[in-house]
Amino acid sequence: MNFTFTKIERLCSKKAIDDLFANGKSKTQFPLKLIYKPTEFESAFPARAMFVVPKKKHKRANKRNAIKRKMREVYRLNKHTLYQSLQTQKIDIMFICLSNEELEYTVIEKSMLQLMETLVKVNFSETKNE
RNA sequence: AAACAGGUUUGUUUCAUCGCUCUUUAUUUUUAAGGGAGGAAAGUCCGGGCAACGCAGGGUAAUUUGCCACUUGAAAAAGUGGGUAUAUUUUUAGGAAUAAAAAUAUAACAGAUAGUGUCACAGAAAACCAGGUAGCCAUUCGUCAGUUGGCGAAUGGUCAUAGUGAAAAUGUGAGGUAAGAGCUCACAUGUGUAAUUGGUAACAAUCACACAGGACAAACCUCUUAUGUUGUAAGGCCAUGUAAACCCUAAUUUUGCUGCGACUCGUGGCAAUAACCUUGGUUAUAUUAGGGAGGGUAGGCUGCAUAGAUAAAUGAUGGAAGUCGUUUGCCUGUUGGUAAACGAAACAGAACUCGGCUUAUAGAACCUGUUUUUAU
RNA sequence: GGAAAUGUAGCAAAGAUGGUCAAUGCAGCGGACUGAAAAUCCGAUGAUGUAGGUUCGAGUCCUACCGUUUCCA
């Protein structure tokens, strides 16, 4: 099992991000919000992920950084279940922090795992319908 | 000793597991080695480096510096010492007002006698030369009294007194006068000019002459100091691309299709529009050069760093040590020492770079001040 | 990263050359009108972003912070 999280697995293209904001589907589980969209791209990994902490909620750069690092850490340790369920289907994922306060590691882990479960179910149903 | 306030310095260490980013090396998708955040990385308030554009010389405008000396510095600026002014405290002198000295703190500390402007309300007057329907004085007239006067009016003189205000035309005394007035004199205060002495200088002291000018320059301004403009989203290279496009000006030239020679050309044939009017001309359609306006592209490399990206790395979890706090136990040298448990660790995250300034900072160490308590 | 602008009641918005309680509208509050409401009328309350400085006196001038907004090819 591989716990790496290199730049290939991240969502870096501005066009893809704009498209995700415009056409993606969303699911909220406080304090996190998930936006996802099935797409096609060439990569060894089935998903591209990104993490957002808005400047309106957290003014100080070091607090934004700290929350993003924790979110990234949770995703890195738990992404393998998502990858297994996806198989050949490829999607873009974005997590947005909605809270005004600094978050504990366990709180992020709990809500992100719930969101991952819903994402797994949704994707399966879509692939079956298609 | 404690608490509080201010200032300076410092800004925890280490192990394991799983990771992130860059460089190098090998090799093919992974391995190895090494580097990886601050004192403010922040604010963007200053000054450089670097880059593009501009640049004969002089002036104007705009912005900017503002007591003196020395040291550091590329410059901004910082440090040390001194001068001056203001405020507070203490001491001394004095009946008092006040004066002198010392200490501490503060100062965007050139010029208000170059000029312009402003100074609400109140007040007679808010600024060269001023000043009344208060007061004081004189003269004239009226009236009462009856004789050195009172009351009222007019004209003139005056600013000591009272009052207003944040601020009132230098203060005290004497002379002088109808009453008064720097009107005159003496002393004091302040300003300017010149000289002398001390000091590197700012400046201080003395003396002579002239003068008495309120505040505001963080109002305009004057003097003085300095400045070309724009900032790495600069700039350079590559790719994409409307497009041999459109409009204007100038020059040249009929234009299109096609055959032959043949290739920035020559020659033959065929075809011919629209608009305007002066009816046989002009303009448009072509080429070249210069200019204008609008649109497209939204990517990469470089700039770029012995930290270094471009949705932006430097982390997460667990353990150990050290620091501090609380509670409990033990020791006794009792404002101390020691053990255990629990808790706390700030402000804050590089984006071209360097030097300053400003602001934010738990805990610790040191220094200064204030208050309280205890002991002597 | 760099460069600018701006801040006045809950909201909008004027004015002030440094000088007399800083207007006005909407909303909210109280009262009148009504059988009850709406509309209307009357009344009071409430503000110069924060902290210093200059000045006799700052909303205005200066400095430092805080917030908001805009621009760059």
Checklist entry - Hey, quick one: are I35(A) and L113(A) part of the same hydrophobic cluster, counting side-chain heavy atoms closer than 4.5 Å, chains of contacts allowed? => result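 Unlinked, I35(A) and L113(A) end up in two clusters.
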Checklist entry - Is there a chain of hydrophobic side chains (I, L, V, M, F, W, Y, each step under 4.5 Å between heavy atoms) that links M71(A) to V107(A)? => result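 No, M71(A) and V107(A) fall in different hydrophobic clusters.
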Checklist entry - Once the angle between the rings of Y75(A) and F51(A) is folded into 0 to 90°, is it parallel (under 30°), tilted (30 to 60°) or perpendicular (over 60°)? => result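 Ring orientation, 0 to 90° scale: perpendicular.
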Next on the checklist: Strictly below 4.0 Å, N to O, side chains only: are E73(A) and K70(A) in salt-bridge contact?
Outcome noted: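 No.
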Checklist entry - So, do T106(A) and K110(A) sit near enough that their side-chain heavy atoms are less than 4.5 Å apart? => result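 A side-chain contact under 4.5 Å is absent here.
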Item to check | Min side-chain heavy-atom separation L34(A)-F95(A) under 4.5 Å | outcome: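 Yes; the side chains approach each other to less than 4.5 Å.
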To the closest 0.5 Å, what do you measure between [atom1] ([X]) and [atom2] ([Y])?
X	Y	atom1	atom2	result
M50(A)	I96(A)	CE	CD1	8.0 Å
N78(A)	M116(A)	CG	CE	5.5 Å
L32(A)	Q114(A)	CG	CD	10.0 Å

Distance between the [atom1] atoms of [N] and [M], in whole angstroms?
N	M	atom1	value
G231(B)	G49(B)	C1'	14 Å
A120(B)	C4(B)	C1'	45 Å
A351(B)	G303(B)	C1'	13 Å
A226(B)	A4(C)	P	25 Å
G15(C)	A32(C)	C1'	34 Å
U200(B)	G47(B)	P	37 Å
A181(B)	G176(B)	C1'	10 Å
U9(B)	U314(B)	C1'	27 Å

Pairing partner (Watson-Crick or G-U wobble, both distances under 3.5 angstrom) of [N]:
N	result
G333(B)	none
U278(B)	none
G198(B)	C203(B)
U80(B)	A69(B)
A101(B)	U90(B)
U252(B)	A286(B)
G369(B)	C4(B)
C260(B)	G266(B)

Syn or anti: how is [N] classified when any glycosidic angle within 90° of 0 counts as syn?
N	result
G369(B)	anti
A305(B)	syn
G39(B)	syn

For nucleotides 313-317 of chain B, which of its nitrogen or oxygen atoms have a protein nitrogen or oxygen under 3.5 Å away, and what is each distance?
from, atom 1, to, atom 2, distance (Å)
U314(B), OP2, R69(A), NE, 2.8
U314(B), OP2, R69(A), NH2, 3.4
G315(B), N2, E73(A), OE2, 3.1

Checklist entry - Taking only side-chain nitrogens and oxygens of N62(A), does any of them come within less than 4.0 Å of OP1 or OP2 of G349(B)? => result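 Result: yes.
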Checklist entry - Given that both pair distances must be under 3.5 Å and the pair must be Watson-Crick or G-U, what runs of three or more consecutive pairs involve RNA chain C? => result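 As far as RNA chain C goes, consecutive pairing (with distances under 3.5 Å) yields the stems C:1-7 with C:66-72, C:10-12 with C:24-26, C:29-32 with C:40-43, C:49-53 with C:61-65.
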Item to check | Closest non-hydrogen atom pair, V74(A) against M112(A) | outcome: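 Nearest pair, atom of V74(A) first, then M112(A): CG1-SD, 3.6 Å.
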Item to check | RNA chain B: 5'-proximal contact among K63(A) and M50(A) (nearest heavy atom) | outcome: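 Comparing both residues, the 5'-ward one is M50(A).
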Checklist entry - C20(B) C1' sits how many Å from Y75(A) OH, rounded? => result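 So the OH-C1' distance, Y75(A) to C20(B), works out to 15 Å.
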